[in-house]
Amino acid sequence: MDIKTQIKSFVAKFIRDDELDDDDDLFATGLVTSLFAMHLVLFLEKEFNVKVDNKDLDLNNFRTINAIVALVEKKQGEI
């Protein structure tokens with residue numbers, strides 16, 4: 001399973017919206033919370049063996065599915 005598919009599967013556990021596109025702002029929808037963001041960071045670190053540093057905790061890195069995928073790919077390139 002590719003990175004995007006894994007992330008979308010995780011997000012679907014929290015957001016029951018089949019209409020969500022890869023570039024939709026997850027936080028602007030009002031469907032996610034700061035607790036979701038914490039779960040997401042832990043999921044990314046565990047699932048993709050990356051370390052999300054304080055400097056990575058910019059909302060823009062987590063705003064969309066595509067932004068999250070880009071962050072994971074960037075972090076994997078740093079290993």
Side-chain angles (χ1 to χ4, degrees):
M1 191 177 328
D2 69 349
I3 294 171
K4 184 178 284 188
T5 302
Q6 288 177 275
I7 291 171
K8 287 178 86 163
S9 176
F10 176 81
V11 169
K13 294 176 186 175
F14 294 87
I15 299 175
R16 306 281 186 235
D17 186 358
D18 297 334
E19 300 297 316
L20 191 63
D21 291 325
D22 295 347
D23 285 316
D24 286 348
D25 187 325
L26 299 174
F27 294 93
T29 64
L31 299 172
V32 297
T33 64
S34 56
L35 182 58
F36 162 79
M38 291 173 46
H39 284 293
L40 177 60
V41 168
L42 293 173
F43 165 78
L44 297 176
E45 290 184 332
K46 180 180 177 194
E47 190 68 30
F48 301 108
N49 195 32
V50 296
K51 175 73 173 123
V52 178
D53 300 313
N54 285 341
K55 65 180 172 59
D56 300 317
L57 296 178
D58 180 334
L59 191 59
N60 290 325
N61 286 330
F62 301 95
R63 194 173 295 284
T64 67
I65 297 293
N66 285 333
I68 299 166
V69 170
L71 174 65
V72 169
E73 290 173 342
K74 175 185 163 215
K75 298 306 288 183
Q76 287 178 330
E78 293 176 3
I79 298 174

Spacing of [atom1] belonging to [X] relative to [atom2] belonging to [Y], to within rounding of 0.5 Å:
| X | Y | atom1 | atom2 | value |
| --- | --- | --- | --- | --- |
| K75 | N61 | NZ | CG | 9.0 Å |
| T64 | L20 | OG1 | CG | 9.5 Å |
| L40 | E47 | CG | CD | 11.5 Å |
| Q76 | I3 | CD | CD1 | 4.0 Å |

#### Entry: Full working for side-chain contact (heavy atoms from CB on, under 4.5 Å) between D56 and V41
CA-CA 10 Å; D56 300 317; V41 168; over 6 Å; no
#### Entry: Shortest non-hydrogen contact from Q6 toward M1
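In terms of heavy atoms, the two residues are closest at OE1-O, 3.3 Å.
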### Query
If you look at every heavy atom in F62 and L57, which pair is closest and at what distance?
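Closest heavy-atom pair between F62 and L57: CE1-CA, 4.1 Å.
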### Query
Take atom NZ in K55; do more than 12 heavy atoms of anything else shown fall under 6.0 Å from it?
yes
### Message
Test your reading of the model: is there a side-chain donor-acceptor pair from D58 to the backbone of N60, 3.5 Å cut-off?
### Response
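Yes, D58 side chain to N60 backbone: donor-acceptor pair under 3.5 Å.
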### Task
Verify, without hydrogens or angle tests, whether D25 (side chain) and A28 (backbone) share a donor-acceptor contact under 3.5 angstrom.
yes
### Task
Give a yes-or-no answer on whether the side chains of N66 and K4 include a donor-acceptor pair shorter than 3.5 Å.
yes
### Message
Test side-chain contact (heavy atoms from CB on, under 4.5 Å) on I68 and L71; report intermediate values, then the result.
### Response
CA-CA 5 Å; I68 299 166; L71 174 65; 5.6 Å; no
#### Entry: V50/K74 under side-chain contact (heavy atoms from CB on, under 4.5 Å): CA gap, chis, key distance, verdict
CA-CA 10 Å; V50 296; K74 175 185 163 215; over 6 Å; no
### Query
Does one hydrophobic cluster hold both L59 and I15, with members joined at side-chain heavy-atom distances below 4.5 Å?
yes
### Query
Relative to the ring of F43, is the ring of F48 parallel (under 30°), tilted (30 to 60°) or perpendicular (over 60°)?
perpendicular
### Task
Answer yes or no: is there a side-chain heavy-atom contact under 4.5 Å between I7 and L44?
yes
### Message
Please determine whether side-chain contact (heavy atoms from CB on, under 4.5 Å) holds for the pair T33 and F14, giving the CA-CA distance in whole Å, both sets of side-chain angles, and the decisive distance to 0.1 Å.
### Response
CA-CA 10 Å; T33 64; F14 294 87; over 6 Å; no
